[in-house]
Participant: 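So that we are looking at the same thing, I have put the structure below in structure tokens.
What's counted below: heavy atoms across the whole structure, side chains too, no hydrogens, waters or symmetry copies.
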Amino acid sequence: MVHEKFEEITNRTTEALNGTVNKALEAFAMTGDFNRDISGRGVDLNAAIAREGVQYASDVQAALRQASDEARQLWTRQTEVVQNAPKDVMAATQKAVALYWEGGEQITRLGELHRQALSRFADKVQHLLEQTGEETRETFTKFSEKILKLYGLKN
């Protein structure tokens, strides 16, 4: 009788331990899946931010190229004004002031183009971060629910 009771207790203990080990293995597998998912999101996020950074750099480069071309044209026109200055000092002065003003407008346009490119970059990165954060929260919630169900803490 004692031997049978001991054997029954041993069997129940073995079953309980096996159940615990199986749940732990399943939980580890879920944790691995969760970590791979989160790591993948991190890689995807970094790649998307890098793509946006390349686009931002391209936008700024295009704006600088345009500004450089405009500055070269402005410089050529200023050189012509200076060469013609002795012929008509008043007209040359007026043209020089107009060209100076135009140069200021070009600098302002370049600043605005840069601001727009930076704003687009920041908005896109912010959107990516928010989207990834929301997806990560959803994934974590699902993971937590599975773990709680596995251990019988939630139906």
Participant: Determine, stepwise, if the pair Asp69 / Arg72 fulfils side-chain contact (heavy atoms from CB on, under 4.5 Å).
Facilitator: CA-CA 5 Å; Asp69 290 344; Arg72 193 175 304 109; 3.0 Å; yes
Participant: Salt bridge between Arg109 and Glu112, side-chain N to carboxylate O under 4.0 Å?
Facilitator: no
Participant: Are Glu15 and Thr13 packed together at the side-chain level, in the sense that at least one heavy-atom pair is separated by less than 4.5 angstrom?
Facilitator: no
Participant: First locate atom OG1 of Thr108, then atom CG of Leu113, and finally report the distance between them rounded to the nearest 0.5 Å.
Facilitator: 11.0 Å
Participant: Report the distance from atom CD of Glu7 to atom NZ of Lys5, rounding to the nearest 0.5 Å.
Facilitator: 12.5 Å
Participant: Quick one: do Arg12 and Glu8 make a salt bridge, cutoff under 4.0 Å?
Facilitator: yes
Participant: For Lys23 and Leu150, work out which heavy atoms get closest and say how close.
Facilitator: O-CD2, 3.2 Å
Participant: State, to 0.1 Å, how close Pro86 and Val82 come at their nearest heavy-atom pair, and which atoms those are.
Facilitator: CD-O, 3.8 Å
Participant: Hey, can you pull the donor-acceptor pairs under 3.5 Å for the side chains in residues 58-66, sequence neighbours left out?
Facilitator:
unit_1 : atom_1 : unit_2 : atom_2 : d
Asp59  : OD1    : Gln55  : NE2    : 2.8
Asp59  : OD2    : Arg120 : NH2    : 3.0
Gln66  : NE2    : Glu70  : OE2    : 3.1

Participant: Regarding Arg77 and Glu102, does a basic nitrogen lie under 4.0 Å from an acidic carboxylate oxygen?
Facilitator: yes
Participant: Taking a hydrophobic cluster as the set of Ile, Leu, Val, Met, Phe, Trp and Tyr residues connected by side-chain heavy atoms closer than 4.5 Å, whether directly or through intermediates, do Leu110 and Leu118 fall within one such cluster?
Facilitator: yes
Participant: Report the distance from atom CD of Glu4 to atom CG of Asn11, rounding to the nearest 0.5 Å.
Facilitator: 12.0 Å
Participant: Verify, without hydrogens or angle tests, whether Ser119 (side chain) and Arg115 (backbone) share a donor-acceptor contact under 3.5 angstrom.
Facilitator: no
Participant: So for atom CD, which belongs to Glu138, do other residues, nucleotides or ligands contribute more than 12 heavy atoms lying within a distance under 6.0 Å?
Facilitator: yes
Participant: So which atom in Gly103 and which in Leu74 form the shortest heavy-atom distance, rounded to 0.1 Å?
Facilitator: CA-CD2, 3.4 Å
Participant: State, to 0.1 Å, how close Val81 and Ala92 come at their nearest heavy-atom pair, and which atoms those are.
Facilitator: CG1-O, 3.3 Å
Participant: Could you state whether Leu153 and Ile147 fall into the same hydrophobic cluster, counting links through intermediate Ile, Leu, Val, Met, Phe, Trp or Tyr residues with side-chain heavy atoms under 4.5 angstrom apart?
Facilitator: yes
Participant: Where is the tightest heavy-atom contact between Thr139 and Asp37, given as atom of each residue plus distance?
Facilitator: CG2-OD2, 2.9 Å
Participant: Taking only residues two or more places apart in sequence, or in another chain, which ones meet Phe140 in a ring pair (Phe, Tyr, Trp, His ring centres under 6.0 Å)?
Facilitator: Phe34
Participant: Between Asn46 (side chain only) and Gly42 (backbone N and O only), is there a donor and an acceptor less than 3.5 Å apart?
Facilitator: yes
Participant: Would Thr136 and Glu134 count as a side-chain contact (heavy atoms from CB on, under 4.5 Å) if you check the C-alpha gap in whole Å, the side-chain angles of each, and the deciding distance to 0.1 Å?
Facilitator: CA-CA 5 Å; Thr136 301; Glu134 182 59 33; over 6 Å; no
Participant: Is it true that Leu129 and Ile38 fall in one hydrophobic cluster, defined by side-chain heavy atoms closer than 4.5 Å?
Facilitator: no
Participant: Could you give me the CA-CA distance, side-chain angles and deciding distance for Phe143 and Asp33, then say whether side-chain contact (heavy atoms from CB on, under 4.5 Å) is met?
Facilitator: CA-CA 9 Å; Phe143 167 75; Asp33 292 344; over 6 Å; no
Participant: Check whether Tyr56 and Ile49 end up in the same hydrophobic cluster, where Ile, Leu, Val, Met, Phe, Trp and Tyr are linked by side-chain heavy atoms less than 4.5 Å apart.
Facilitator: yes
Participant: Can you measure from NZ (Lys149) to CD (Glu145) and round to the nearest 0.5 angstrom?
Facilitator: 6.0 Å
Participant: How far apart are the closest heavy atoms of Ala27 and Tyr151, and which atoms are they?
Facilitator: CB-OH, 3.9 Å
Participant: Nearest 0.5 Å, what's the NZ-OG1 distance between Lys146 and Thr31?
Facilitator: 11.0 Å
Participant: Answer yes when Arg41 and Asp44 have at least one side-chain N-carboxylate O distance shorter than 4.0 Å, and no when they do not.
Facilitator: no
